[in-house]
2 protein chains.
Amino acid sequence: MVTISDIAAALGVTPSTVSRALSGSPRVKEETRLAVEQMAAALGYERNIVASNLRKGKSDIVGIIVPRIHREFFSNAIGGAESILNAAGYNVLICQTHEQFDAEVKALRTLRNNRVAGVLMSHAIGSMDGSHILEILGDRIPLVQFDRVFSELPGAKVINNNAEGAYQATKHLIEQGYRHIGTLAGYMNSEAYAARLDGYRKALMGSGLSVDESIVFYDTILRETGFDAAMKALEAGCDALYCAGDFCALGAIQAARSRGLRIPEDFGVVGTADESFTALMSPAMSSLALNPFEMGRQAARAFLTGEEGTVVVPMELKERESSCKTTNNNPTLYA
Amino acid sequence: MVTISDIAAALGVTPSTVSRALSGSPRVKEETRLAVEQMAAALGYERNIVASNLRKGKSDIVGIIVPRIHREFFSNAIGGAESILNAAGYNVLICQTHEQFDAEVKALRTLRNNRVAGVLMSHAIGSMDGSHILEILGDRIPLVQFDRVFSELPGAKVINNNAEGAYQATKHLIEQGYRHIGTLAGYMNSEAYAARLDGYRKALMGSGLSVDESIVFYDTILRETGFDAAMKALEAGCDALYCAGDFCALGAIQAARSRGLRIPEDFGVVGTADESFTALMSPAMSSLALNPFEMGRQAARAFLTGEEGTVVVPMELKERESSCKTTNNNPTLYA
DNA sequence: AATAAAAATACAAACGATTGTATTATTCAA
DNA sequence: TTGAATAATACAATCGTTTGTATTTTTATT
């Protein structure tokens, strides 16, 4: 690989001049800059960013830690972050935790040891609190949390207005005439899920309905666990579920189907995340959209500006067949 | 940040001894190794991988270039590659091209300048040939192409048996009784699509059916373009389509629906890629699965072993409602 | 033309590790 | 105890840049 020393030798100047010429310093004569640039092109020189960054104590790499890259929410969030970061000259190193604490610790160590410029992360369900994050990253590597955040940690945060969104989703179910509405609430160590449960509760109480704790199910974000929980909910006489995820909502729909119930007439379901399958399936599933691309953009922006506050990205309820007993303003794609 | 020199100073030894102690060289006394390790832990030392790699002329980063990270195929391929690479101590730097030639060139430059250990890539549709890849990467950075490959380039390649898969898919349509089968063929500058078209042709000819070039549509991989092409196909009396992608196949189904046709009775569709929505929608769409996770694994494996051959990953036809006129061995999830 | 000021370049030390070679300390045999 | 062999460590160069300081060259001023 050709280095600045090669260029310097070929031109009879020193590496420092070449370096300054290539980085456009006013300390080199226009004439020599031209000569350097031509020689660089002739020799096929390309700056070694690793060496450059080492010397400068900088990095052009931003680490992103997510539970699973193939989850649409996260791949879209990564896409959003990348669109901003690439434009600012950064590259993106991606780590998956598969929802496991150990993998998260390993990912954090890896990023720290690679001296990344910053870390954008959404913590694993297996992470109970953020102490390991702080401990590993220290205060040298800026951290931006998105979606799943530990609010006790310093640094910027990007979250959805989960409480408000879940409130709207539940209210929508109430307005559609459902009266015994349960929820698949997810994991309570995640503030996002906790906030959704909160919104669900507020909506019920705000409408004079009581919260029946026997149809509030925890730790149910997979299709399988959603199915099981929904079966129990049905036995308890539940007529609708607000689900804190789309896959468990899918499980809920399957459970209702397996009992011969019609959707939405006999049983209503609203999921969360607006995974692409929700709009394509039949009945099309109502879902609370998270806007992951925008969250990724905001997280990247927060990293670039260094602002420390909490950005709240609005959620949007997509009303589709699975919850629209009375109206049908959003028919399925195939209607 | 604490360095080996800090440890050395604290212990009254030289940095070289510390370095050797930490990397387990037999040239340091067991006793000093222990002292070094303890001091490292006490000071909270973490090796600077950037500096280490610069010195060693190595890198722990493998670049992956894909058109779009949020496409399920690619996010799964990345996941597969990552599972192998992480286990081998590598990290993954991801670049998206958004199918654009310019972005691909930029991504290749970025990876080269970051002196990555290798590049795993699936080229953009906007790339007409692989000359820029070779030119930028040179022969120092190993290249593994997957899915979309330029066979004229050196280095390992991982592809699907596209011809065989498309052959099976088309034969399946024939066996189901369709007789005027067209295809949405995709982009012919991609060898994968070209091979699928080949398999389609062979299946028709092998069954004594002729290939009607008026219902072979090119450059149609989006839902929208698939819809338009399918409308033309229907006017030409086409009764089934083998589609080289799932999104254009979705467009085809929508086109048939818009004309009041029943699926699969009046019109059969098989897509390609087995995107997750295909199994969830109604009618469930038949699709030729690509096995992206395995492709990613194979690509990573090829990089690690340095083997230069071409690995062929088998495709698997998922027979679902959209193409099963006579039988229905794979009912939709909600049947 | 002499001198000060400014411009351009050279020199050399970093960044944080690794590694070949030289040096010192230890062990062992005779 | 001396010397050779070996173990352990120190020294110093290096990876490819960047950058503060020193030096040389050029320009401007009188």
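A quick note: this is a predicted structure, and the numbers were derived from the prediction, not measured. Here is how names work: the chains are called A, B, and so on, in the same order as the sequence lines, proteins then strands, and each is numbered from 1.
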- Which residues, if any, of residues 1-9 of chain A bring a heavy atom under 4.0 Å of DNA chain D? Thr3(A), Ile4(A)
- Taken in chain and number order and not counting sequence neighbours, the residues that satisfy side chain to side chain contact (heavy atoms under 4.5 Å, CB included) with Met128(B) are Asn189(B)
- Message: Are there over 12 heavy-atom neighbours, none belonging to Glu152(B), within less than 6.0 Å of that residue's CD?
- Response: yes
- Message: Using whole Å, what does the distance between atom C1' of nucleotide dA10(D) and atom CG of Leu11(B) come to?
- Response: 15 Å
- Using the test ring-ring contact (aromatic ring centres under 6.0 Å, His included), find all partners of Tyr90(B) that sit at least two apart in sequence or belong to another chain. Phe303(B)
- Please collect all ring pair (Phe, Tyr, Trp, His ring centres under 6.0 Å) contacts where either partner lies in residues 8-29 of chain B, sequence neighbours excluded, each pair once. none
- Item | Pairing residues for Tyr187(A) by the ring-ring contact (aromatic ring centres under 6.0 Å, His included) criterion, not counting sequence neighbours | none
- Message: List the residues meeting ring-ring contact (aromatic ring centres under 6.0 Å, His included) with Phe293(B), not counting sequence neighbours, and say none if there are none.
- Response: none
- Query: Taking all atoms of both residues into account, what is the closest heavy-atom pair of Arg109(A) and Ile136(A), and its distance?
  - Reply: N-CG2, 3.8 Å
- Nearest-Å distance for atom pair CZ/P, residues Arg20(A) and dA8(C): 13 Å
- Note on the structure: With sequence neighbours left out, the residues meeting side chain to side chain contact (heavy atoms under 4.5 Å, CB included) with Glu294(B) are Asn291(B), Arg297(B), Gln298(B), Val313(B)
- Side chain to side chain, Met1(A) and Asn48(A), heavy atoms closer than 4.5 Å: no
- Message: Could you tell me how far apart Arg140(B) (CZ) and dG16(D) (C1') are, to the nearest whole angstrom?
- Response: 14 Å
- Ser19(A) side chain near dT17(D) phosphate (N/O to OP1/OP2, under 4.0 Å): no
- For Thr17(A) and dA10(C), is the shortest distance between a side-chain N/O and OP1 or OP2 below 4.0 Å? yes
- Message: Could you check whether any side-chain N or O of Gln96(B) sits under 3.5 Å from a backbone N or O of Ile69(B), counting only pairs where one atom can act as donor and the other as acceptor?
- Response: yes
- Whole-Å distance between dC15(C) P and Lys58(A) NZ? 17 Å
- Of residues 29-41 of chain A, the positions that come close to DNA chain D - non-hydrogen atoms, cut-off under 4.0 Å: none
- Message: On the side chain of Arg27(A), is there an atom forming a donor-acceptor pair with the base of dT23(D) - under 3.5 Å, no angle test?
- Response: no
- Message: Under 4.0 Å, heavy atom to any atom of DNA chain D: which of residues 43-56 of chain B qualify?
- Response: Leu54(B), Arg55(B)
- Can you name the side chain to side chain donor-acceptor pair (under 3.5 Å) partners of Asn53(A), sequence neighbours left out? Asp60(A)
- What bend angle does the helix from dA1(C)-dT30(D) to dA30(C)-dT1(D) show across its length, from five-pair end axes and to the nearest 10 degrees? 50°
- Item | Ser25(B) side chain to Ser23(B) side chain, donor-acceptor N/O pair below 3.5 angstrom | no
- Item | Partners meeting side chain to side chain contact (heavy atoms under 4.5 Å, CB included) with Asp102(A) (sequence neighbours left out) | none
